[in-house]
**Q** 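First, the structure itself, so that you have it in front of you.
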Amino acid sequence: MRRPWRHAAFTGLISLLGVVWYACWLVTGAGPAAVGYLFMPLGLLGAVAALHALLRDAPLDPVGRRFWRTLEVAGALMAAGYAVLAGAAFRTDPVLPPMPVSAAALAGVGLLLAMVAVAMVPLGVSTWYERGKQWLDRSIAFLGCATLLWHFGLVPMITSPEPWSTSVLAVVLLAFVFAAGAITKVTYIAGGPVDRISVRLVAMTGLTAAGVAWLAVAHSADGAVPAQAVFMPLAPLLLALAVLRQRYASATPPRRTGVWLPYLAVIAVDVPLAQVLFGHNDLSDGLAEGRIVVSAAALVMTLVSVRQLVINRDNARLLREREASEARLLHEAGHDTLTGLANRRLFRERLDAALATGDTTVLLVDLDDFNAINDSLGHDVGDELLTAFARTLRAAAGDAGQPARLAGDEFAVLITAPGRDEEVAARIMTAIAAPIGAHRLLVHASAGIAAAAAGTPASQLLRRADAAMYTAKQRGKANWVRYAEGMERPAQADALLGGDLRRALDAGEFRVFYQPLVDLADRRVIGVEALVRWEHPERGLISPAEFIPAAERTGLIVPLGRFVLRETTRQAAAWLAEFGPEVLQKAGPNVSVRQLHDPDFVADVRAALADSGLPAEHLVLELTESAVLRGTQVLRVLHEIHDMGVRLALDDFGTGESSLSLLHTFPAAIVKLDKSFVDGIELDEPNTPAAEARQAVARAVVQLAGAFGLDTVAEGIESGEQAERLARLGYTVGQGYHFGRPVPPEDITALLAAQRRLGLAA
Ligand code: C2E
Ligand code: CA
Ligand code: CA
């Protein structure tokens, strides 16, 4: 776009030259007056050039393009008309040349075209309703405007002592109608393809032309020259400015304009109305001027009333919409979008209100292992589970309490019916005993109940409920516990421990110890179990029984387990290389359920094997029954591991409820008989029925394993008699203090070296 303002500058210069020339001509009288007729056609040429450049360079949409194209044609016609007039001025009378018919025709058609262009500019409103309202407004404004023009413009002409000729009156009337129409139309252009200001500037060119016409007529001979040289060229200048404005116009959203015009119209009709009613005009006037004014005023009032009605209706609708959106906002501020339950904020408000008036009971519920489900099955399934649980909770709360979702998988019920808290808790536990939601997931939840007297701070009541819930989790999950004095302490200790574990893992305070697995027939080491130890800088060696549960609750078991897995495979590969496959048939780390839910678990195992070079069949992962019983997802992971060639051992076998049925579905290779069945097995005459039962289990397990083709390991062997008895029952591999405690890897290395020497000696 090359200097788009240059055309406007040119027309401006022409206007200026016109003024300067006229001043010189007035003072000196030099040169022919016909020169004054050159400025209008020259200025118009500049405006046409501006329009041409705009159409060539600027991006316009079809409607805008049509508008400016029409104006370009109109401008060119007018330029031609005024050029013809200038020619006539040079040839004939320089001051007041008779307008040649061709010139009048060209200029007239040009002007008409320009008016058509303005009339066709769209108003920038889209709906029928909006368009209707705008027509109503425009009609009111038009009526007001027309009444004024009629009363003050036409009537004096008609009633003057020397009445105007009918043809002139007709032209003036037409001009009035056009003027009133144009003013109202232009005021209501809201925006859109043609810039609002541009249209107004174009409309002003029309007004300028009208003004000049009036000037020329009123002052006839003396007016012609200044009109042509000074006033007329303003019209092309305005046109060029309109073009310039369109160039820099940005697409603005339509806005409501001219809202005030109807009110102005009411005031406007009041003036002639007052004159008709109280003035000297008398109503019986032959032209019935009074009747026309009164009718117009009445019509305007009626239309304004209609408009008021419409606006009232609009306002009522807006008000309704606003109320609805406020109600929605209020609801959203207090509710959880996923489940639709009250959120933490609303819950706290209700709790505060309840505590202010009386004794209050709160039930906190937390889904056990929700993070694991979320991680392994994806967030959509997790969300669905939360929604399903929310429904369960709502049903369980019934009319006894108000359920809320506090965060993630943490829910609460504010008990509103005193004494019914246990009923609600029991209903929750019963409801989730069966699978819930579209995915039929089996979830467990732990709940804590706490009550407080009126005036207790809400935070204290919540802390107690939390401690109770925590205790429920520690007692094996899937149940509920009522708060009792002192329950906060373990929760706090656990939180401390959780932080400490993270630090310890980063500081490398964990070590892996190994306990030998021996062949019961010849007492030779055939493998190891890996058991983690925490070498605490102050507290010394800490047993896993103390920190594994906390690591599982905090999720730290995942990185910790990964460390143990890496360490075990690395160490096992080293022993395998040094001592051969006979002594290292199995190396077994323990794996928690949380790890099985970790989406990276399978990849971790594969990488640990690849990086260490340990053949998969030497790795044994020890899992407890409860871990294995965690649904199809876990089962899929276990099958993937099994397919890799890694063996799976069922740890603490015999202590769970479903040991037997497990052997069908689970790809186990080894069962480890729990220590509790080994204790007392050496006694020939068991002293209690319980001891007798334990012996029976030990026998049954080995037979079962044989039937399923599984290897067995007897755990916790503390004496030679036990070892002997177990060997006689059919157990082939044993583990326990009798053979060796869990020790650092160096000690195992020494043990294996000694065993090799003995073997060589034998
Ligand atoms: P577990 O898997 O049943 O491990 C056997 C536990 O019994 C070990 O206790 C071991 O030291 C102990 N034990 C072995 N032989 C005898 C014996 O003859 N008599 C007695 N009284 N105890 C014996 P530890 O090392 O304290 O580990 C406790 C539990 O912590 C383990 O039970 C296991 O469930 C868990 N654990 C240990 N390391 C890890 C680990 O790296 N990851 C996971 N997830 N859990 C681990
Ligand atoms: Ca184990
Ligand atoms: Ca065990």
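Atoms considered below: every heavy atom in the structure, side chains included; atoms not considered: hydrogens, waters and symmetry mates. Whatever order the structure lists ligands and atoms in, that order sets their numbers, starting from 1.
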**Q** Among all the protein's non-hydrogen atoms, which is closest to atom 38 (N) of ligand 1, and how far away is it?
**A**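 The protein heavy atom lying closest is Val532 N, 3.1 Å.
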
**Q** Of Asp674, Val678, Leu517, which meets side chain to side chain contact (heavy atoms under 4.5 Å, CB included) against Glu715?
**A**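 The passing option is Asp674.
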
**Q** Is a donor on one side and an acceptor on the other found under 3.5 Å between the side chain of Gln515 and the backbone of Gly740?
**A**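 Yes, because the side chain of Gln515 sits within donor-acceptor range (under 3.5 Å) of the backbone of Gly740.
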
**Q** Looking at Asp611 and Arg566, does any basic side-chain N land under 4.0 Å from a carboxylate oxygen?
**A**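 Salt bridge: yes.
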
**Q** Looking only at N, O or S atoms in Asp651, which is nearest to the Ca ion (ligand 3)?
**A**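 Considering only N, O and S atoms, Asp651 comes nearest to the Ca ion (ligand 3) through OD1.
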
**Q** Using 4.0 Å as the upper bound for N to carboxylate O, is an ion pair formed by Glu746 and Arg511?
**A**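 Result for this pair is yes, salt bridge flagged.
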
**Q** Checking Arg741 against Tyr737: charged group under 6.0 Å from the ring centre and within 45 degrees of the axis?
**A**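 Ring-cation test returns yes.
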
**Q** Could you tell me, atom by atom, which parts of ligand 1 come under 4.0 Å of a heavy atom of Arg533?
**A**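 Matching atoms, with element in brackets: 11 (O), 25 (O).
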
**Q** Considering only non-hydrogen protein atoms, determine which one is nearest to atom 15 (N) of ligand 1 and report residue, atom name and distance to 0.1 Å.
**A**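 Looking at atom 15 (N) of ligand 1, the protein heavy atom closest to it is Gln515 NE2, 3.0 Å.
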
**Q** Show the atoms of ligand 1 that are less than 4.0 angstrom away from any heavy atom in Gly736.
**A**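 The atoms of ligand 1 under 4.0 Å from a heavy atom of Gly736 are 15 (N), 18 (O).
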
**Q** If the cut-off is 3.0 Å, does any N/O/S atom of Asp652 fall short of it from the Ca ion (ligand 2)?
**A**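 It does not: Asp652 brings no N, O or S atom closer than 3.0 Å to the Ca ion (ligand 2).
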
**Q** Between Val593, Thr568, Asn590, Leu531, flag the one that comes closest to atom 46 (C) of ligand 1 by a heavy atom.
**A**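 When every heavy atom of Val593, Thr568, Asn590, Leu531 is considered, Asn590 comes closest to atom 46 (C) of ligand 1.
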
**Q** Is the ring pair Phe510/Phe547 parallel, tilted or perpendicular, if the boundaries are 30 and 60 degrees?
**A**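 Aromatic pair Phe510/Phe547 classed tilted.
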
**Q** Could you tell me whether ligand 1 has any atom less than 4.0 Å away from a heavy atom of Gln735?
**A**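 Judged by the 4.0 Å heavy-atom criterion, Gln735 does not count as contacting ligand 1.
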
**Q** Checking a contact table here: which protein heavy atom is nearest atom 11 (O) of ligand 1, and how many Å away?
**A**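 Going by distance alone, atom 11 (O) of ligand 1 is nearest to Pro742 CG, 3.3 Å.
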
**Q** Report yes or no: does Gly716 have a heavy atom closer than 4.0 Å to ligand 1?
**A**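 Contact present.
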
**Q** Below 4.0 Å from any atom of ligand 1, is there a heavy atom belonging to Glu715?
**A**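 It does; at least one heavy atom falls under 4.0 Å.
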
**Q** Measure the distances from the heavy atoms of Glu552 to every atom of ligand 1 and state whether one is below 4.0 angstrom.
**A**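 Glu552: no contact with ligand 1 (<4.0 Å).
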
**Q** Give yes or no for whether the N/O distance cutoff of 3.5 Å, strictly under, is met between Ser592 and ligand 1.
**A**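 Between Ser592 and ligand 1 (N or O atoms, distance only) the closest approach is under 3.5 Å.
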
**Q** Quick check: does Glu715 put an N/O/S atom under 3.0 Å from the Ca ion (ligand 3)?
**A**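 So Glu715 counts as coordinating the Ca ion (ligand 3), yes.
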
**Q** State whether Glu529 contributes an N/O/S atom found under 3.0 Å from the Ca ion (ligand 2).
**A**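 Of the N, O and S atoms in Glu529, at least one lies under 3.0 Å from the Ca ion (ligand 2), which means yes.
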
**Q** Protein heavy-atom contact under 4.0 Å for atom 43 (C) of ligand 1?
**A**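 Yes, because at least one protein heavy atom sits under 4.0 Å from atom 43 (C) of ligand 1.
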
**Q** Does Lys672 come within less than 4.0 Å of Asp652, counting only side-chain N to carboxylate O?
**A**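 Not counted as a salt bridge, because no side-chain N and carboxylate O are separated by less than 4.0 Å.
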
**Q** Which residue supplies the protein heavy atom nearest to atom 27 (O) of ligand 1, what is that atom called, and how far is it?
**A**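 Result for atom 27 (O) of ligand 1: Pro544 CG, 3.2 Å.
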
**Q** For ligand 1, which atoms, with element, lie under 4.0 Å from some heavy atom of Ser543?
**A**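 Near Ser543, meaning under 4.0 Å from one of its heavy atoms, ligand 1 has 26 (O).
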
**Q** Answer yes when Glu422 and Arg482 have at least one side-chain N-carboxylate O distance shorter than 4.0 Å, and no when they do not.
**A**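 Yes, charged N to carboxylate O under 4.0 Å.
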
**Q** Report, in ascending order of atom number, the atoms of ligand 1 lying under 4.0 Å from any heavy atom of Glu529.
**A**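 Every atom of ligand 1 under 4.0 Å from some heavy atom of Glu529: 2 (O), 4 (O).
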
**Q** Identify the protein heavy atom lying closest to atom 19 (N) of ligand 1, giving its residue, its atom name and the separation to 0.1 Å.
**A**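 Going by distance alone, atom 19 (N) of ligand 1 is nearest to Glu718 OE2, 2.6 Å.
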
**Q** Any protein heavy-atom neighbour for atom 21 (N) of ligand 1 (distance below 4.0 angstrom)?
**A**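 At least one protein heavy atom is under 4.0 Å away.
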
**Q** State, without any angle test, whether Asp679 and Ser676 hold a side-chain donor-acceptor pair at a distance under 3.5 Å.
**A**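 Looking only at side-chain atoms, Ser676 and Asp679 do not form any donor-acceptor pair under 3.5 Å.
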
**Q** Heavy-atom pairs closer than 4.0 Å: do any link ligand 1 to the side chain of Leu560, the backbone, both, or neither?
**A**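 Leu560 to ligand 1: no contact under 4.0 Å from either part.
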
**Q** Is the shortest side-chain N to carboxylate O distance from Asp519 to Arg523 below 4.0 Å?
**A**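 No, Asp519 and Arg523 are not salt-bridged.
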
**Q** Among the N/O/S atoms of Glu622, select the one at the shortest distance from the Ca ion (ligand 2) and name it.
**A**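 Looking only at N, O and S atoms of Glu622, the one nearest the Ca ion (ligand 2) is named OE1.
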
**Q** I'd like to know if Lys586 and Glu529 make a salt bridge, using a cut-off of under 4.0 Å between side-chain N and carboxylate O.
**A**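 No, this pair does not count.
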
**Q** Any side-chain to backbone donor/acceptor pair from Arg348 onto Leu351? Under 3.5 Å, distance only.
**A**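 No; zero donor-acceptor contacts below 3.5 Å.
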
**Q** Within less than 4.0 angstrom of ligand 1, does Lys675 place any heavy atom?
**A**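 A heavy atom of Lys675 does come that close to ligand 1.
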
**Q** Before accepting this row, confirm whether a basic side-chain N of the pair Asp466/Arg463 lies closer than 4.0 Å to the acidic partner's carboxylate O.
**A**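 Looking at Arg463 together with Asp466, the answer is no, because their closest N to O distance does not fall below 4.0 Å.
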
**Q** Is the shortest side-chain N to carboxylate O distance from Arg405 to Asp336 below 4.0 Å?
**A**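 Judged by the 4.0 Å cut-off on N to carboxylate O distance, Arg405 and Asp336 do form a salt bridge.
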
**Q** Can you name the atoms of ligand 1, numbered from 1 with element, that are less than 4.0 Å from a heavy atom of Asp652?
**A**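 Checking each atom against Asp652, I get 3 (O).
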
**Q** Is the shortest side-chain N to carboxylate O distance from Glu721 to Arg725 below 4.0 Å?
**A**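 Not counted as a salt bridge, because no side-chain N and carboxylate O are separated by less than 4.0 Å.
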
**Q** Can you pull out the closest protein heavy atom to atom 12 (C) of ligand 1? Residue, atom name and distance to 0.1 Å, please.
**A**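 Ranking protein heavy atoms by distance from atom 12 (C) of ligand 1, first comes Tyr737 OH, 4.3 Å.
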
